[in-house]
Trainee: 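Sending over a structure as structure tokens; questions will come in a sec.
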Amino acid sequence: MKNISIKKIVVYGVELILNEPYRLSGGRLVDEKIDSTIVSIETSEGITGWGEGCPWGTRYLPAFAGGLRAGLVELAPVLLGKNPLQLDKINQLMDFTLAGHWYIKSALDMACWDLLGKYAQQPLYTLLGGLFGEHIIFQSAIYTGSADEMVAQVQLARKRGYTHFSAKIGGDVHQDIERVRALYATLKPGEHIIFDANRSWLPGQAIQVMNALTDINCYFEQPCETLEECYTVRRFTKHPIILDESILQFQDLLWAQHKGLVQGIGLKIGRVGGLTKARRMRDFCVATGIRMNIEETGGSQIANAANIHLAISTPQEYRHATIDFVPLHNTITATDHHKFKARTVIPSDDYGLGISPLMQTLGDPIAIYD
Ligand code: MG
């Protein structure tokens, strides 16, 4: 057997300055810049794989850039000398070394997948299951505002080519009912909208809003903070429910599926610990009929590439839309040959993730392990 081993791991920090402040549901949790971490893993044969981890600020998830980099201090030395192509073994070793903290492992796992693609001389979508459908569709986030303001945002996003929208609601029950009605009424044929509360409702508020809108045919996303609260909402409402922030590990998904709580998930690669774990959840969702928005928690072209490959290798009837974070900040950390057209994308056939890093953007390393 060919003896391939990890010789060097290099860590870079990149600040992504947002074009406009990003507001989670109800206008809370406003971020103006996002800290992203990029890693390279170099093998004994001089081949380099790339990965990115971007937990999107400090308050969206139980995850943050400083924690990610501190975790790499624990994990990176342990991976030196190991075979990066044996993905499940690499992940088992990371889980034995550092319990939980899924988001810390994603960038390392991603770089190993990039290497696997380069060694196999295949694009990642082939290794993840194959090319399903002609392209994947990007959705536009619609920030919380008055009903009129949110309708105006949809009109602007439509002009920019979007047909899929994720409207962030929450904050006031009566305003939310008004927002949903106004936004739903503004949709044109072929357009889709999801109403994402980003866990801002108490169960009673979610039940009030959703039961006032039984004539509106739509999905509601992450109504409340915890799985148990969302389960209460499930029992007293009829709309299909998407879980996003609540799904941190496979067991969360298993519980939610078993309870009949979940009809869709936001499958964010960084949040669940990387492509290896996300692929496992993706396959479970396909096996049990759960629809997915396959996404990243944030980042630039490197994280986006992983997202694109995982999404396109998922049967299209099981995936809805994904997010392109690059237009939110315009920072270019890598070039690629993916074909972007009218808010859709087809991944390139280049090996691995199909990206080439721009070293002038990455700057000097913040840590080197060798
Ligand atoms: Mg969401």
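Counting convention: from 1, in listed order, for ligands and their atoms alike. Values reported hereafter were calculated over all heavy atoms of this structure, with side chains retained and with hydrogens, waters and symmetry mates removed. Note that the numbering runs from 1 along the sequence shown for the chain. This structure is a prediction, so every number in the text was calculated from the model and none was measured.
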Trainee: With a 3.5 Å distance limit and no angle check, can you tell me whether His329 reaches the backbone of Gly299 through a side-chain donor-acceptor pair?
Mentor: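 It does hold such a pair.
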
Trainee: With rounding to the nearest 0.5 Å, note down the distance linking CG in Leu18 to CD in Glu32.
Mentor: 8.0 Å

Trainee: So, Phe284 versus Phe250, ring centres under 6.0 angstrom or not?
Mentor: yes

Trainee: Check residues 33-41 and write down every donor-acceptor pair under 3.5 Å in which the side-chain atom is one partner and the other belongs to a residue at least two apart or another chain.
Mentor:
from	atom 1	to	atom 2	distance (Å)
Asp35	OD1	Arg69	NH2	3.2
Ser36	OG	Glu52	OE2	2.6
Thr37	OG1	Arg69	NE	2.9
Thr37	OG1	Arg69	NH2	3.3

Trainee: Which protein N, O or S atoms lie under 2.8 Å from the Mg ion (ligand 1)?
Mentor: Asp196 OD2, Glu221 OE2, Asp244 OD2

Trainee: Is the NZ or CZ atom of Arg291 positioned over Tyr219's six-membered ring, under 6.0 angstrom from the centre and within 45° of the axis?
Mentor: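 Output yes; distance and angle both within limits.
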
Trainee: Assess Arg235 against Tyr231: is NZ or CZ under 6.0 Å from the centre of the six-membered ring, and within 45 degrees of the ring's axis?
Mentor: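 Here Arg235 passes the 6.0 Å and 45° test against Tyr231.
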
